[in-house]
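Just so it is clear: chains get the letters A, B, ... in the order the sequence lines come, proteins before strands, and each one is counted from 1.
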Protein chains: 2
Amino acid sequence: MRLTRAAEYAIRCIIYLAKQGRGVLANKNDIAERAEIPPHFLAKIGQDLAKAGLIEIRQGAKGGFVLVKEPRDITLLEVVETMIGEIYLNDCVARPSGCNALSACGVHQVWIRARNQLRDTLRQATFDKLIKKKICIPVSDVKNLTGLNNTRGRDNSPEPVKNLP
Amino acid sequence: MRLTRAAEYAIRCIIYLAKQGRGVLANKNDIAERAEIPPHFLAKIGQDLAKAGLIEIRQGAKGGFVLVKEPRDITLLEVVETMIGEIYLNDCVARPSGCNALSACGVHQVWIRARNQLRDTLRQATFDKLIKKKICIPVSDVKNLTGLNNTRGRDNSPEPVKNLP
DNA sequence: TTTATACAAGACAACAAACATCTTATTTAT
DNA sequence: ATAAATAAGATGTTTGTTGTCTTGTATAAA
Ligand code: SF4
Ligand code: SF4
């Protein structure tokens, strides 16, 4: 499992749409600008999200993206797996045939367990909950968006992870 | 986070050594053969494991790898993170400075939670427990190792994941 | 002391994936 | 008709994975 940029962008896109509410159309370039997503890349991501039934794409003048489902019916897991495929952590979880240990292998069992936990956690995070909290994607109020992830120059600074409680 | 081949190989290597017990020397090529690890690649992996203090490498004739710590003091997390670096799932968990949402972002909090759960699960898996169960890396008995992951020709067959209970 | 054995260290290369961008349609409101 | 907006997919750049290979060093045993 690896969260790609595309997946993070997709989440931001859905957040943006969820804030507006289901059925409300949003211009693609607006989304791209506010959520700091490369516009062309968003086009591709949007197609994936549409194929998965999360959004609907309106073509033509005054077109854009529309959220199809209610935010409370969309889970973080859904969005993430739409973009990066099903999470399985270890290869042998996805294809047990590779190793004949199957359920007998202790390590395998740990991966299964870790995978299920992770997916459950992401499944519990629905977008109605997510948009209630403050979020770094402003939808209409802030014009001067300061803090977005514009780590373009991909710095690999060590910067230790804080272990929040 | 992505479990690489190198990480899976490292786990198998430690499993092999753990089965023999701490302080018992094992020939590198034997490990490579039994655990189905490309020999030269194992050399590289071994160096990482040695740097992390998990094993000791004996050079020269009759050299090889020796487990330094007791199996019960080695966790799956330790081995995995030695090989792939600290697990953080999402970039912004590792570098909160990228996004000024910090603890305010609902999505961020989910990633933090998921990350902690995952790491805890892997930390609880110590190698004394792991080698008690049957495992697909035989150490001394089986000569005809049948079921190892020799998916060399990297098949991308769909083969759906079973949802074990 | 010489030799064969075994690992160290790091360069290098093939391949795949991520991360986009660009071009050429097609669709739709006006 | 025209302009606005997305679709579809070809293409390119960069990074990461998964090794292999070469040269050198340490050690045991003859
Ligand atoms: S040894 Fe266990 S964890 Fe590793 S590939 Fe085989 S079944 Fe999976
Ligand atoms: S929007 Fe939230 S989850 Fe996404 S990068 Fe910013 S802090 Fe992280």
Between [options], which one does the side chain of [X] approach most closely?
X: A/Pro38; options: C/dA20, D/dC21, D/dG19; answer: C/dA20
X: A/Gln47; options: C/dT23, D/dA7, D/dT18; answer: D/dA7
X: B/Thr4; options: D/dT17, D/dA5, C/dT23; answer: D/dT17
X: A/Asn29; options: D/dA10, D/dC21, D/dT6; answer: D/dT6

- prompt: How close do A/Met83 and A/Ala10 get, heavy atom to heavy atom, and via which atoms?
  reply: CG-CB, 3.5 Å

Rounded distance (Å) that lies between atom [atom2] of [N] and atom [atom1] of [X]:
X: A/Ile45; N: C/dA18; atom1: CD1; atom2: C1'; answer: 11 Å
X: A/Leu25; N: C/dT28; atom1: CG; atom2: P; answer: 13 Å
X: B/Leu42; N: D/dT18; atom1: CG; atom2: P; answer: 15 Å
X: B/Lys44; N: D/dT20; atom1: NZ; atom2: P; answer: 12 Å
X: A/Asp48; N: C/dA18; atom1: CG; atom2: C1'; answer: 14 Å
X: B/Phe65; N: C/dA6; atom1: CZ; atom2: P; answer: 13 Å
X: A/Arg5; N: D/dT15; atom1: CZ; atom2: C1'; answer: 12 Å
X: B/Glu36; N: D/dG19; atom1: CD; atom2: C1'; answer: 15 Å

query: Only one of B/Val93, B/Asn116, B/Leu77 forms a side chain to side chain contact (heavy atoms under 4.5 Å, CB included) with B/Ile87, so which one is it?
result: B/Leu77

Same apolar cluster: B/Leu49 and B/Val68, side chain cutoff 4.5 Å: no

- prompt: Same cluster for B/Ile31 and B/Val66 if Ile/Leu/Val/Met/Phe/Trp/Tyr side chains link at under 4.5 Å?
  reply: no

field: Sequence-distant partners of A/Ala32, side chain to side chain contact (heavy atoms under 4.5 Å, CB included), two or more places apart
entry: A/Pro39, A/Leu42

A/Arg12/A/Glu36 salt bridge by N-O under 4.0 Å criterion: no

task: May I ask you to say whether A/Asp91 pairs ionically with A/Arg95, meaning some side-chain N is under 4.0 Å from a carboxylate O?
output: yes

task: Can you sort out which residues in residues 51-64 of chain B have a heavy atom within less than 4.0 Å of DNA chain C? Ascending by number, please.
output: B/Ile57, B/Arg58, B/Gln59, B/Gly60, B/Ala61, B/Lys62, B/Gly63, B/Gly64

query: Between A/Arg2 and C/dC19, does any side-chain N or O lie under 4.0 Å from OP1 or OP2?
result: yes

message: When you measure from the side-chain N and O atoms of B/Tyr9 to the phosphate of D/dG19, is any distance below 4.0 Å, counting only OP1 and OP2?
response: yes

